[in-house]
Amino acid sequence: MSDLTRRDVLKLSAWTAGAAGAVSFPKCAVAAAPAPDGRKLKVIFAGAHPDDMEGAAGGTMARYADQGHDVVSLYLTRGEAGMKGKSHEEAATIRSGQAEKACAILKIRPLFCGQIDGTTEVNPARYDDFRKIIVEEQPDLVYTFWPINSHRDHRAVFTLVYDAYLKAKQGFDLVFCETSGAQLFTPTHYVDITAAEPRKREACFSHTWYKDRPDLDLYTMVDGLHRSRGQQAGCKYAEAFIRHSKNRGGDLPLPVARS
């Protein structure tokens, strides 16, 4: 996560403040909600690098886990190219370990796909490899990046997820997350993460690899974003999502509000 800047957050905050007087935003629900039929769900959050999904949807991940669902954070890469002065092998070891620690805090399971940070591929072999992972996991829902994104690795994981979704004949529901680099993102749903925010914060702080990058301040960026989304949705902290219009379920099995 490196594309969302303080300026982006300030712009979003200013837009929220200006719009709040003219637009009636939905309220976040506050009570926990079960899965639609009461069963345990398999939920995958598919990102490109360690820390991607923790920053984008860590609160929602924690809420699913707290409700007893089986939650997987799927990483397309191990963040090999993210650390200056470190080899790919060194960076992968460090960032994978930090991802595993973050997942333990959120009470979810990490899963690594084996591609390389910065050189992710979308081709027939990669489509097949990725789809096999999805088929093996048999998810009920998959959360991934919004496709209009400035980061090529983010676009790659969206493309792989969407191909698996089409091959599965919409056999799982698909939801798009708001993350760094996202453009033209207009939420359909918000999840109230106020109660889970401390765990999200702790999970994000597990990723210390960026401390040698003065241009990055990971949690300040996501904190400003979900405060702004919370203001829109009528709660303290919220994460924003776009639900695919062809999903089988009528809603997300979490406390949400539709915009």
Side-chain angles (χ1 to χ4, degrees), residues 32-54 56-78 96 99-100 102-115 120-147 153-179 188-189 191 196 203 239 241-256:
D37 56 6
R39 66 188 173 87
K40 182 179 179 180
L41 298 172
K42 168 68 72 67
V43 189
I44 294 177
F45 289 80
H49 317 96
D51 77 32
D52 277 348
M53 283 298 167
E54 293 92 314
T60 301
M61 296 163 118
R63 296 212 61 173
Y64 273 119
D66 289 347
Q67 291 178 11
H69 302 302
D70 183 6
V71 183
V72 176
S73 185
L74 187 154
Y75 304 102
L76 188 62
T77 78
R78 292 178 179 268
S96 297
E100 290 166 355
C103 287
I105 292 167
L106 296 173
K107 301 178 184 178
I108 65 176
R109 175 166 57 92
L111 180 62
F112 298 93
C113 293
Q115 291 218 40
T120 53
E121 298 175 330
V122 176
N123 57 42
R126 293 297 191 180
Y127 278 134
D128 290 343
D129 290 344
F130 191 87
R131 184 168 59 86
K132 288 175 184 176
I133 293 171
I134 297 297
V135 169
E136 183 175 344
E137 291 293 327
Q138 296 185 323
D140 297 286
L141 295 102
V142 177
Y143 286 72
T144 194
F145 296 128
W146 178 244
D153 289 347
H154 293 185
R155 297 194 301 272
V157 73
F158 157 78
T159 303
L160 294 168
V161 169
Y162 197 64
D163 183 75
Y165 173 76
L166 295 175
K167 290 291 193 301
K169 301 186 184 303
Q170 302 169 9
F172 55 84
D173 284 355
L174 187 59
V175 182
F176 302 109
C177 302
E178 183 174 33
T179 189
T188 62
H189 290 73
V191 172
E239 291 169 344
F241 302 96
I242 296 176
R243 175 186 173 276
H244 197 294
S245 62
K246 292 187 178 180
N247 283 356
R248 300 163 301 170
D251 215 330
L252 305 184
L254 275 176
V256 298

(message) Less than 3.5 Å apart, any donor N or O on the side chain of Thr188 or Arg243 sitting next to an acceptor on the other?
(response) no
(message) For His49 and Asp52, which I'm curious about, is there any donor-acceptor pair between the side chains at under 3.5 Å?
(response) yes
Let me have the donor-acceptor pairs involving side chains of residues 128-140, under 3.5 Å, with sequence neighbours excluded, atom names and distances please.
{"unit_1": "Glu137", "atom_1": "OE1", "unit_2": "Lys42", "atom_2": "NZ", "d": "2.9"}
{"unit_1": "Glu137", "atom_1": "OE1", "unit_2": "Arg109", "atom_2": "NH2", "d": "2.8"}
{"unit_1": "Glu137", "atom_1": "OE2", "unit_2": "Arg109", "atom_2": "NH1", "d": "3.4"}
{"unit_1": "Asp140", "atom_1": "OD1", "unit_2": "Arg39", "atom_2": "NH1", "d": "3.0"}
{"unit_1": "Asp140", "atom_1": "OD1", "unit_2": "Arg39", "atom_2": "NH2", "d": "2.9"}
{"unit_1": "Asp140", "atom_1": "OD2", "unit_2": "Lys42", "atom_2": "N", "d": "2.8"}

Distance (rounded to the nearest 0.5 Å) between [X] [atom1] and [Y] [atom2]:
| X | Y | atom1 | atom2 | answer |
| --- | --- | --- | --- | --- |
| Thr179 | Glu54 | OG1 | CD | 10.5 Å |
| His244 | Asp173 | NE2 | CG | 10.0 Å |
| Cys177 | Met61 | SG | CE | 8.0 Å |
| Leu76 | Phe112 | CG | CZ | 11.5 Å |
| Ile44 | Leu74 | CD1 | CG | 6.0 Å |

(request) Using side-chain hydrogen bond (donor to acceptor under 3.5 Å, both in side chains) as the criterion, list what pairs up with Thr77, not counting sequence neighbours. (result) none
Holding to side-chain contact (heavy atoms from CB on, under 4.5 Å), I want the full list of residues that pass it with [X], two or more places apart in sequence or in another chain.
| X | result |
| --- | --- |
| Arg126 | Gln115, Glu121, Asn123, Leu160 |
| Lys169 | none |
| Ala62 | Leu106, Ala196, Arg199 |

Using side-chain heavy atoms (C-beta onward) and a distance below 4.5 Å, is [X] in contact with [Y]?
| X | Y | value |
| --- | --- | --- |
| Tyr75 | Cys113 | no |
| Gln67 | Lys40 | no |
| Leu174 | Val161 | yes |
| Phe145 | Arg155 | no |

(request) Kindly say whether the aromatic ring centers of Phe45 and Tyr143 come within a distance under 6.0 Å. (result) yes
(message) Give me each pair satisfying side chain to side chain donor-acceptor pair (under 3.5 Å) with a member in residues 156-167, each pair once, sequence neighbours excluded.
(response) Asp163-Lys167
(message) Quick one: does any side-chain atom of His69 pair with a main-chain N or O of Leu41 as donor and acceptor, under 3.5 Å?
(response)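 A pair under 3.5 Å: yes.
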